[in-house]
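Values in this document were obtained by computation on a predicted structure and should not be read as measured data. Per chain, numbering begins at 1; letters A, B, ... match sequence-line order. We use all heavy atoms of the structure for the numbers below, so side chains are in, but hydrogens, waters and symmetry mates are not.
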2 protein chains.
Amino acid sequence: MLRLSKLTDYATVILSFMAKDNERICAAMEISTVTGIALPTVSKILKALVNAHVLVSTRGTKGGYALATTPENITVATIIIALEGPIAVTECSISQQGCEQAAGCNISGHWNVINRAIYNALESVTLADMIKPQETLIPVASLYRIENHNVSQ
Amino acid sequence: MLRLSKLTDYATVILSFMAKDNERICAAMEISTVTGIALPTVSKILKALVNAHVLVSTRGTKGGYALATTPENITVATIIIALEGPIAVTECSISQQGCEQAAGCNISGHWNVINRAIYNALESVTLADMIKPQETLIPVASLYRIENHNVSQ
DNA sequence: TTTAAATAGGACTAAAATGGTCCTCAATTG
DNA sequence: CAATTGAGGACCATTTTAGTCCTATTTAAA
């Protein structure tokens, strides 16, 4: 189903909450209470987001987490990569050593096209978009097809 | 990583082989030999593709599988849906009952935009594209961004 | 200077999804 | 009627994922 993991889903919920009042420092405990996600799980997610430079953290009493930049500059692609690693639909698109399938696998180039398309779609939606009321987004819902898009002249 | 399953990956390999000489009826055994994928696994995939009307089958001696339509009419989206079910990046985009997260989940509408973008990207590549030599595809690799695409007038 | 509150990092366990195999039945051809 | 091939589904083993917990480390405040 091309599903992303629950942790990534949680991450968007957490970040959406933090983006509503950005600049503010939130403790993991507070986020857990507000979102209803268990504290250890929240911690795990926040740590991953710090490693990916989506959040910055301060330790000690009064410490916590805050957005590293404005919600406009945080894309869905960045969030997904932080939690799940590089966006690639097939195994062979990541490890460059190609697949061991003897005969008919010269299709990896085509997967790369698809990967790029998906990546760009995910890169095009930011955290700021996510916290807008839904109505504003609906007109954008009619969408893209590669064959209609005359990119190569 | 937004990965699709191995079975789906195998399916594209199998279909690429079948598309090279379409119209021809291939037995599961033959496909297994050619692709190097174990027979029971090949069978499982072929059955799923028949259920999704991507392939048609004939039983009995001299039976086997053939494409249900031309490679131009079989999209990557169709193949993925056949093996993995509907394309949806989050759980809540499938089950319409919404998530139980108490507070801040009014972002499902935004996921739908992303789902549509991904779906359309996958719908835009056909089996016929997949069996073309890679070179022809590379110019298309510069890609799409929602914000540049003035769809709603 | 001590204490409490907070994150960092990683190990570990349990649960769920996936991959892969196998068995029995049904259909078709020679 | 026998051989070949697909249909359908049950099943197990493995891998992945989710979730928890423990032990530092850092910082602010008492």
Whole-Å distance between [N] [atom2] and [X] [atom1]?
| X | N | atom1 | atom2 | value |
| --- | --- | --- | --- | --- |
| A:L55 | C:dT7 | CG | P | 11 Å |
| B:L4 | C:dG19 | CG | P | 10 Å |
| A:I25 | D:dT27 | CD1 | P | 13 Å |
| B:D9 | C:dG19 | CG | P | 10 Å |

Between the axis at one end of the helix from C:dT1-D:dA30 to C:dG30-D:dC1 and the axis at the other (five pairs apiece), what's the angle to 10 degrees?
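Answer for the end axes of this duplex: 10°.
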
Checking only heavy atoms, does the side chain of B:K6 share a donor-acceptor pair with the base of C:dG19 at less than 3.5 Å?
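Check fails, no donor-acceptor contact within cut-off.
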
Between the base of D:dG6 and the side chain of B:K47, is there a donor-acceptor distance below 3.5 Å?
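Check fails, no donor-acceptor contact within cut-off.
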
Please state whether the phosphate of D:dA7, meaning OP1 or OP2, lies under 4.0 angstrom from any side-chain nitrogen or oxygen of B:S57.
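Affirmative; the distance criterion is met.
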
Given D:dT5, is OP1 or OP2 found less than 4.0 Å from the side-chain N or O atoms of B:Y65?
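Indeed not, no polar side-chain atom of B:Y65 lies that close.
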
Nearest to the side chain of B:N51, heavy atoms from C-beta on, is which of C:dT7, C:dG20, D:dG8?
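Closest nucleotide to the B:N51 side chain: D:dG8.
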
Can you tabulate the close N/O pairs, meaning under 3.5 Å, that link protein atoms to atoms of nucleotides 27-30 of chain C?
| unit_1 | atom_1 | unit_2 | atom_2 | d |
| --- | --- | --- | --- | --- |
| C:dA27 | O4' | B:R59 | NH1 | 3.0 |
| C:dT28 | O2 | B:T61 | N | 3.4 |

Test log, rule salt bridge (Lys or Arg N to Asp or Glu O under 4.0 Å), inputs B:K6 and B:D9
CA-CA 5 Å; B:K6 275 192 194 176; B:D9 206 351; over 6 Å; no

same_hphob_cluster(A:V34, A:L55) at 4.5 Å side-chain heavy-atom cutoff
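Result: yes, single cluster for both.
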
Taking B:I45 as the starting point, is it possible to reach B:I25 by hopping between hydrophobic residues whose side chains are less than 4.5 Å apart?
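No; tracing contacts between hydrophobic side chains, which count when under 4.5 Å, never links both residues.
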
Member of A:L49, A:L46, A:V42 meeting the side-chain contact (heavy atoms from CB on, under 4.5 Å) criterion with A:Y65
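Between A:Y65 and the candidates, side-chain contact (heavy atoms from CB on, under 4.5 Å) is satisfied uniquely by A:L46.
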
Quick check: do A:V125 and A:M130 have side-chain heavy atoms less than 4.5 Å from each other?
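Touching, per the 4.5 Å side-chain cut-off.
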
